[in-house]
Amino acid sequence: MLISWNTTNQCNMFCDHCYRDAGARLEEELSTEEGKKLIREIKQAGFHIMIFSGGEPLMRPDIFELGDYARQQGLRPVLGTNGSLISPAVADQLKKAGFMACGVSLDSTDRRKNDEFRKLENAYDLTMEGMKNLQAAGVPFQIHTTVMDWNVGELEALTDLAVEIGAMAHHIFFLVPTGRAINIEEEALRVKEYEETLNRIMNKQKEVNIELKPTCAPQFIRVADKKGIPIRFSKGCLAGISYCIISPRGDVQPCAYLDLPLGNVRETSFVHIWENHPVLNELRTMTYQGKCGICDYRQRCGGCRARAAFYSKGDYMAEDRWCLYRPPELREVISHE
């Protein structure tokens with residue numbers, strides 16, 4: 001079980017695809033003590049991995065204290081960052097605080113394209129330097145890439161770059177329109193190219209010894225199975241089942257891209273929200289509609305619940321229309337018509 005806390009809305013970049021619409025710090029973000037209370041409740045709820053993200057979490061002054069506290073509570077703290085603020089001293093502080101790994105965002109091998117997308121001059125060079133500093137400090141890191149129509153051709157090259165610089169994994173995020181990403185929805189891959197891209201990623205997995213994981217693309221489990229590629233993931237979409245996210249102000253959502261506030265940890269304990277909220281309990285039934293509901297990969301894939309909701313007027317239990325796969329039951333119906 002893993003959980004992500006957007007520790008702050010503050011960020012030194014202004015990325016086109018940001019689901020949090022990050023930039024300026026919000027009023028009433030959780031304080032240090034409120035954050036520690038949340039960490040205790042997250043541990044009590046049975047979570048193991050805690051992602052400290054943002055915005056840019058390194059712009060929060062107490063981030064090292066919070067990471068160390070999570071470690072003391074028996075959680076595995078990891079950092080989701082754009083990497084641009086990781087100096088040698090910061091990398092050493094992350095190591096000392098007990099951060100077990102960092103996910104670092106990089107979206108192109110082309111400096112100009114990456115910097116234009118990230119809205120920060122020298123973002124590429126700063127991020128590359130940050131990863132080198134993590135490696136020198138002995139903090140494992142992986143590269144996170146959001147795939148769009150303009151960088152989809154670079155994925156293999158980005159994986160090769162990840163191998164070259166010593167990353168332990170390359171996680172490739174598929175756009176779900178929420179936050180600022182609604183404005184670039186037309187740049188997301190469409191159904192056929194989506195399937196082709198998953199196949200390309202899994203073919204690349206055969207060539208490299210680091211982990212490749214499509215994220216917000218649970219159909220990759222089916223693709224990996226069909227190609228006989230062993231993976232450590234037993235479930236595609238984890239939203240509300242073994243994953244959720246908490247906003248800077250303490251609002252709980254099933255995932256970052258499913259904008260359904262379920263309660264606020266200032267008003268209700270996180271444990272109570274996690275164990276009792278009707279939306280979470282419905283997601284856990286996996287009683288999906290349409291072809292997702294009759295699919296032989298229903299338990300392992302589940303379709304992207306956030307994408308299903310966006311394209312089905314908010315119905316998070318609807319079928320994921322971005323999937324080309326036809327379940328056996330549906331093929332049989334068609335063959336008898």
Side-chain angles (χ1 to χ4, degrees), residues 17 19 103 105-109 142-163 167 169-178 181 184-239 241 243 255-258 286 288 290-292 294-311 318-328 330-331:
H17 68 302
Y19 66 83
S105 298
L106 187 71
D107 297 297
S108 179
T109 57
Q142 60 192 42
I143 288 180
H144 290 173
T145 299
T146 297
V147 60
M148 314 281 285
D149 59 359
W150 57 266
N151 69 353
V152 65
E154 299 182 50
L155 297 182
E156 289 88 350
L158 280 160
T159 294
D160 290 337
L161 177 62
V163 172
H170 183 200
H171 286 200
I172 299 164
F173 290 69
F174 284 70
L175 185 75
V176 180
T178 188
I184 55 171
E185 187 271 339
E186 69 278 3
E187 296 180 29
L189 303 183
R190 287 303 184 254
V191 179
K192 184 178 179 181
E193 190 173 15
Y194 175 73
E195 184 81 9
E196 291 172 349
T197 303
L198 291 179
N199 275 274
R200 282 174 49 204
I201 294 169
M202 290 297 100
N203 287 336
K204 186 66 174 178
Q205 180 67 90
K206 297 178 182 179
E207 302 174 9
V208 296
N209 60 2
I210 67 170
E211 176 184 274
L212 304 186
K213 181 184 181 293
T215 299
C216 297
Q219 292 83 7
F220 88 94
I221 287 184
R222 166 179 51 80
V223 175
D225 278 1
K226 300 296 184 184
K227 294 180 179 295
I229 299 172
I231 55 176
R232 67 181 177 90
F233 306 97
S234 59
K235 185 78 172 72
C237 183
L238 306 178
I241 298 171
Y243 172 79
C255 84
Y257 309 102
L258 190 51
M286 292 185 253
Y288 309 126
K291 67 179 182 181
C292 283
I294 60 173
C295 185
D296 45 324
Y297 277 90
R298 179 173 64 90
Q299 296 285 338
R300 296 190 60 217
C301 168
C304 176
R305 295 300 97 212
R307 192 174 288 112
F310 182 82
Y311 292 102
E319 70 176 47
D320 183 350
R321 299 178 185 178
W322 279 43
C323 182
L324 277 180
Y325 182 63
R326 288 188 177 277
L330 188 59
R331 294 199 295 267

>> How long is the straight-line distance from CD of Gln299 back to OG of Ser234, given to the nearest 0.5 Å?
In response: 11.0 Å

> Under 3.5 Å, is there a donor-acceptor pair between the side chain of Glu193 and the main chain of Asp149?
Replying inline: no

>> Could you walk me through whether Lys204 and Leu155 satisfy the side chain to side chain contact (heavy atoms under 4.5 Å, CB included) test, starting with their C-alpha distance in whole Å, then the side-chain angles of each, then the deciding distance to 0.1 Å, before giving a yes or no?
In response: CA-CA 9 Å; Lys204 186 66 174 178; Leu155 297 182; over 6 Å; no

> Which atom names give the shortest non-hydrogen contact between Val223 and Leu198, and what distance separates them?
Replying inline: CG1-O, 4.0 Å

> How many angstroms lie between atom CG of Asn151 and atom CD1 of Ile172, to the nearest 0.5 angstrom?
Replying inline: 9.5 Å

> Under 4.5 Å between any side-chain heavy atoms of Leu106 and Leu161, yes or no?
Replying inline: yes

> From Arg298 CZ over to Tyr288 OH, what is the distance, rounded to the nearest 0.5 angstrom?
Replying inline: 7.5 Å

> Ala239 and Cys255: which non-hydrogen atoms are nearest, and at how many Å?
Replying inline: CB-CB, 3.8 Å

> Hey, are Asn199 and Lys227 close enough side-chain-wise for a donor-acceptor pair under 3.5 Å?
Replying inline: yes

> For the side chain of Thr145 and the backbone of Asp107, is there at least one donor-acceptor N/O pair under 3.5 Å apart?
Replying inline: no

>> Can you tell me how the ring of His144 sits relative to the ring of His171, calling it parallel under 30°, perpendicular over 60° and tilted otherwise?
In response: parallel

> Can any side-chain N or O of Arg222 pair as donor or acceptor with the backbone N or O of Tyr297 at less than 3.5 Å?
Replying inline: no

>> Test your reading of the model: is there a side-chain donor-acceptor pair from Asp320 to the backbone of Cys304, 3.5 Å cut-off?
In response: yes

> What is the distance from atom CD of Glu196 to atom CG of Leu324, rounded to the nearest 0.5 Å?
Replying inline: 8.5 Å

> Out of Phe220, Phe174, Tyr325, which residue meets the ring-ring contact (aromatic ring centres under 6.0 Å, His included) rule with Tyr194?
Replying inline: Phe174

> Taking the six-membered ring of Tyr257, is NZ or CZ of Arg305 closer than 6.0 Å to its centre and within 45° of its axis?
Replying inline: no

> Between Asp296 and Pro327, what is the shortest heavy-atom contact and its length?
Replying inline: OD1-CA, 4.0 Å

> How far does CD of Gln219 sit from SG of Cys295, to the nearest 0.5 angstrom?
Replying inline: 8.5 Å

> Do Gln142 and Ile210 have side-chain heavy atoms sitting under 4.5 Å apart?
Replying inline: no

> Does atom NZ of Lys206 have more than 12 heavy-atom neighbours, drawn from other residues, nucleotides or ligands, at distances under 6.0 Å?
Replying inline: yes

>> Quick one, Pro214 and Met202 - any side-chain contact, counting heavy atoms below 4.5 Å?
In response: yes

>> Run Tyr311 and Trp322 through ring-ring contact (aromatic ring centres under 6.0 Å, His included) and show every step you take.
In response: CA-CA 9 Å; Tyr311 292 102; Trp322 279 43; 5.8 Å; yes

>> Using every non-hydrogen atom in the two residues, find where Gly303 and Pro218 come nearest and quote the distance to one decimal.
In response: C-CG, 3.4 Å

> How about Leu212 and Thr159: do any of their side-chain heavy atoms sit closer than 4.5 Å?
Replying inline: yes

> By salt bridge (Lys or Arg N to Asp or Glu O under 4.0 Å), which residues pair with Glu156, not counting sequence neighbours?
Replying inline: Arg200

> With side chains defined as the heavy atoms from C-beta onward, is the minimum distance between Lys213 and Ile231 less than 4.5 Å?
Replying inline: no

>> So, using side chain to side chain donor-acceptor pair (under 3.5 Å) as the criterion, who are the partners of Glu154 when residues are at least two apart?
In response: Ser108, Thr109

> Sub-3.5 Å donor-acceptor pair from the side chain of Arg307 to the main-chain atoms of Cys216, do we have one?
Replying inline: yes

>> Applying side chain to side chain donor-acceptor pair (under 3.5 Å), can you list everything that pairs with Lys235, at least two apart in sequence or on another chain?
In response: none

> Do any N or O atoms from the side chain of Lys291 and from the backbone of Cys323 form a donor-acceptor pair under 3.5 angstrom?
Replying inline: yes

